[in-house]
Visitor: 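Attaching a single structure in structure tokens format; questions to follow.
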Protein chains: 2
Amino acid sequence: MAIKDEVTDKYSLRGRVYHKIRGDILEGRYKNNDELRELTIGEELGVSRTPVREAFRQLELEGLIRIVPNKGAYVTGITAKDVKDIYMIRSKLEGLAARWAVSHITEDQMSEMEENIYLTEFHASKGHLDQIATLDNRFHEILYEACGSKLLEHQLREYHEYVQRVRTKTLSDNKRSLASTGEHKLIMEAIKSGDENNAEKAANRHVENAYKNIVKNGLKEAYPDE
Amino acid sequence: MAIKDEVTDKYSLRGRVYHKIRGDILEGRYKNNDELRELTIGEELGVSRTPVREAFRQLELEGLIRIVPNKGAYVTGITAKDVKDIYMIRSKLEGLAARWAVSHITEDQMSEMEENIYLTEFHASKGHLDQIATLDNRFHEILYEACGSKLLEHQLREYHEYVQRVRTKTLSDNKRSLASTGEHKLIMEAIKSGDENNAEKAANRHVENAYKNIVKNGLKEAYPDE
DNA sequence: AGTGATATAATTGTATACAATAATACGATG
DNA sequence: CATCGTATTATTGTATACAATTATATCACT
């Protein structure tokens, strides 16, 4: 109730609970193996156990918590190893997305991609970190939308969200953000020129390089080991 | 109640409902856009709306149904295009799994993989379709377990389940099952000899070939177009 | 004091009750 | 006869009640 009165009805109560807990886990506000009690969470958000339970079931399926029957729900979170795996998987899948985008991208999407890179170059030269981060996210979003596969789009978006925390942290490295923009440009140009093989390879390398940079800037401090 | 009394308590009521509906969708027992009513499903399985709703939320997250707020739940199912996308994605991810298996596979897993191929060759020569299908599934399971990544393992298993229906259908082609076993052997040998690049390529090609065979044997009849 | 049994409390699992929303039926009006 | 508005019904969303299970505390006994 409390929530429902305050804001417009963008989500159901269950939706709010789900996004709240999910955010708290992905942003690292819970520690690994923290126990989540239905009643406690419900009271914090001013809702009953029902929507909390439904949110728990979704988070369980997503692998962000694990539910022990008749016992409780425990935070699983994301480890340093997970981040590594996600980047290696993303490398392959963003490659596929870039390859497929060659034959599926619309004119509007192509224009937005070019504009995105143009703008990013400008803000990178000025050191505008916030804008760079937003544009970087948007570049990948455009790629996902342009690949022509709802399935791949959904999967990539999910992985992208999972590592959001470490990404925003690492983009504040100015040298990396310049290199990153250059790599975006290579992907865009390959797609524009219709070169599927190069588009795929460029996307592969871009994600691999992003991961290398993350390791260099200290992944271990941001995520638990095991 | 009805269910709980009949069988041992392997799953909660919610678990049963989830697996039941999921199976019905994946096996094609629902048509696309079929509406699922909480009360109806609950009555069919002898449970109340609560566990049904929790199952619905999971299926929604998985993308197998879509829930329109205050309206209802509608089957999304899997289309011919989805099958294609899944095979292309699987090609890349099984490649990764094979590559990672090189440095993560245990002795037991290696032995089981060799034995699996030996047995498959035997049953293929005799035309034992059921055994071949079981062993084929198991081969991929071993690969997933051996890759050393819970995340990749989970994702591959999910995709594998999604296309289970079309797989069992297509393996009844005897020529394909022989070729498939040969491809398994190539993957196994590359892993055994420690050749990461070849392991990845062999797995890529194996999944691509499996898809080509599916197309040849009539994918359109098994799945809706859009 | 330590150990085990039993009672008590806390927590989850499921069913039901109530509220809100959307679909449908029906009748008034032009 | 068509159309709009209203009443009714059906369905989902949420809260609460009860059942089952697990954790905790208490106390007797050695």
Side-chain angles (χ1 to χ4, degrees), chain A residues 1-22 24-25 30-31 33-76, chain B residues 1-22 24-25 30-31 33-76:
Chain A
M1 297 291 182
I3 294 174
K4 205 170 185 177
D5 292 342
E6 276 168 28
V7 260
T8 53
D9 220 345
K10 193 169 170 191
Y11 298 114
S12 61
L13 295 191
R14 190 241 0 128
R16 288 176 196 292
V17 176
Y18 169 73
H19 287 288
K20 171 69 163 57
I21 303 176
R22 190 170 187 271
D24 284 348
I25 294 175
Y30 286 121
K31 282 207 298 281
N33 295 318
D34 272 3
E35 185 169 358
L36 303 179
R37 286 201 191 75
E38 296 174 357
L39 203 65
T40 312
I41 302 261
E43 280 168 356
E44 277 171 29
L45 304 176
V47 303
S48 79
R49 285 175 55 214
T50 307
V52 176
R53 279 183 63 83
E54 292 182 10
F56 275 20
R57 290 302 172 191
Q58 298 191 294
L59 293 164
E60 180 194 25
L61 198 77
E62 229 174 329
L64 292 177
I65 67 176
R66 74 178 192 290
I67 296 181
V68 182
N70 286 308
K71 265 199 77 187
Y74 305 89
V75 173
T76 298
Chain B
M1 299 286 188
I3 295 175
K4 206 172 185 178
D5 292 339
E6 275 167 29
V7 261
T8 52
D9 222 344
K10 193 169 171 191
Y11 298 113
S12 61
L13 295 191
R14 192 244 355 131
R16 288 176 194 292
V17 176
Y18 169 73
H19 287 289
K20 171 69 165 55
I21 302 176
R22 191 170 187 270
D24 285 347
I25 294 175
Y30 287 121
K31 283 207 298 282
N33 293 320
D34 272 3
E35 184 167 359
L36 303 179
R37 287 204 191 75
E38 296 173 357
L39 203 64
T40 312
I41 302 260
E43 280 167 359
E44 276 172 28
L45 303 176
V47 303
S48 78
R49 286 175 54 213
T50 308
V52 177
R53 278 184 63 84
E54 291 181 11
F56 275 20
R57 289 302 173 193
Q58 297 191 293
L59 293 164
E60 180 194 26
L61 198 76
E62 230 175 327
L64 292 177
I65 67 176
R66 75 177 191 290
I67 295 180
V68 182
N70 285 309
K71 264 200 75 187
Y74 305 88
V75 173
T76 299

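In what follows, chains carry the letters A, B, and so on, assigned in the order in which the sequence lines appear, proteins first and then strands, with residues in each chain numbered from 1.
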Visitor: Could you tell me how far apart B/E43 (CD) and C/dA15 (C1') are, to the nearest whole angstrom?
Guide: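 About 14 Å, once rounded to whole Å.
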
Visitor: Detail all sub-3.5 Å separations between protein N/O atoms and N/O atoms belonging to nucleotides 23-25 of chain C.
Guide:
{"unit_1": "C/dA23", "atom_1": "OP1", "unit_2": "B/K71", "atom_2": "NZ", "d": "3.4"}

Visitor: Can you name the closest pair of heavy atoms from A/A73 and A/I67 and give their distance?
Guide: CB-CG1, 4.2 Å

Visitor: Do B/L61 and A/Y18 come within less than 4.5 Å of each other through their side chains, counting heavy atoms only?
Guide: yes

Visitor: Can you measure B/L39 atom CG to C/dT16 atom P for me and round it to whole angstrom units?
Guide: 11 Å

Visitor: Among all residues two or more places apart in sequence or in another chain, which pass the side-chain contact (heavy atoms from CB on, under 4.5 Å) test with A/E43?
Guide: A/L39

Visitor: What is the distance from atom OG1 of B/T40 to atom CG of B/L45, rounded to the nearest 0.5 Å?
Guide: 11.0 Å

Visitor: To the nearest Å, how far apart are B/I67 CD1 and D/dT11 C1'?
Guide: 13 Å

Visitor: Find the distance between CD (A/E54) and OG1 (B/T50) and round it off to the nearest 0.5 Å.
Guide: 8.5 Å

Visitor: Please report the distance, rounded to the nearest Å, between CZ in A/R14 and P in D/dA15.
Guide: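 So the CZ-P distance, A/R14 to D/dA15, works out to 13 Å.
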
Visitor: State the CZ-CD1 distance between B/F56 and B/I21, to the nearest 0.5 angstrom.
Guide: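 So the gap between those two atoms works out to 4.5 Å.
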
Visitor: When the distance from OH of A/Y18 to P of D/dG13 is rounded to whole Å, what number comes out?
Guide: 17 Å

Visitor: In chain order, what residues pass the side-chain hydrogen bond (donor to acceptor under 3.5 Å, both in side chains) check against B/D24, with sequence neighbours excluded?
Guide: B/K20, B/R29

Visitor: Compare side-chain N and O positions of A/T50 against OP1 and OP2 of D/dT14 and report whether any pair is under 4.0 Å apart.
Guide: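 Negative; the distance criterion is not met.
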
Visitor: Which residue pairs satisfy the salt bridge (Lys or Arg N to Asp or Glu O under 4.0 Å) criterion with at least one member in residues 59-75 of chain B, sequence neighbours excluded?
Guide: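 For residues 59-75 of chain B: B/R22-B/E62, B/R57-B/E60.
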
Visitor: Taking only N/O atoms, report every protein-nucleotides 8-10 of chain C pair under 3.5 Å with atom names and distance.
Guide:
none

Visitor: How close do B/L64 and B/I25 get, counting heavy atoms only, and between which atoms?
Guide: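 Answer, listing the atom of B/L64 first, then B/I25: O-CD1, 3.8 Å.
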
Visitor: Atom CG of B/L36 and atom OH of B/Y74: how far apart are they, to the nearest 0.5 Å?
Guide: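 Result: 10.0 Å between the selected atoms.
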
Visitor: CZ of A/R49 versus P of D/dG13: gap in Å, rounded?
Guide: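 Atom CZ in A/R49 sits about 19 Å away from atom P in D/dG13.
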
Visitor: Roughly, in whole Å, what's the span from CD in B/E38 to P in C/dT16?
Guide: 15 Å

Visitor: If every non-hydrogen atom of B/V17 is compared with every non-hydrogen atom of B/A55, which pair is closest and at what distance?
Guide: CG1-CB, 3.7 Å

Visitor: In residues 53-61 of chain B, which ones come under 4.0 Å of DNA chain D, going by heavy atoms?
Guide: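 Heavy-atom cutoff 4.0 Å gives B/R53, B/R57.
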
Visitor: To the nearest Å, how far apart are B/N70 CG and C/dT21 C1'?
Guide: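 In whole Å, C/dT21 C1' lies 5 Å from B/N70 CG.
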
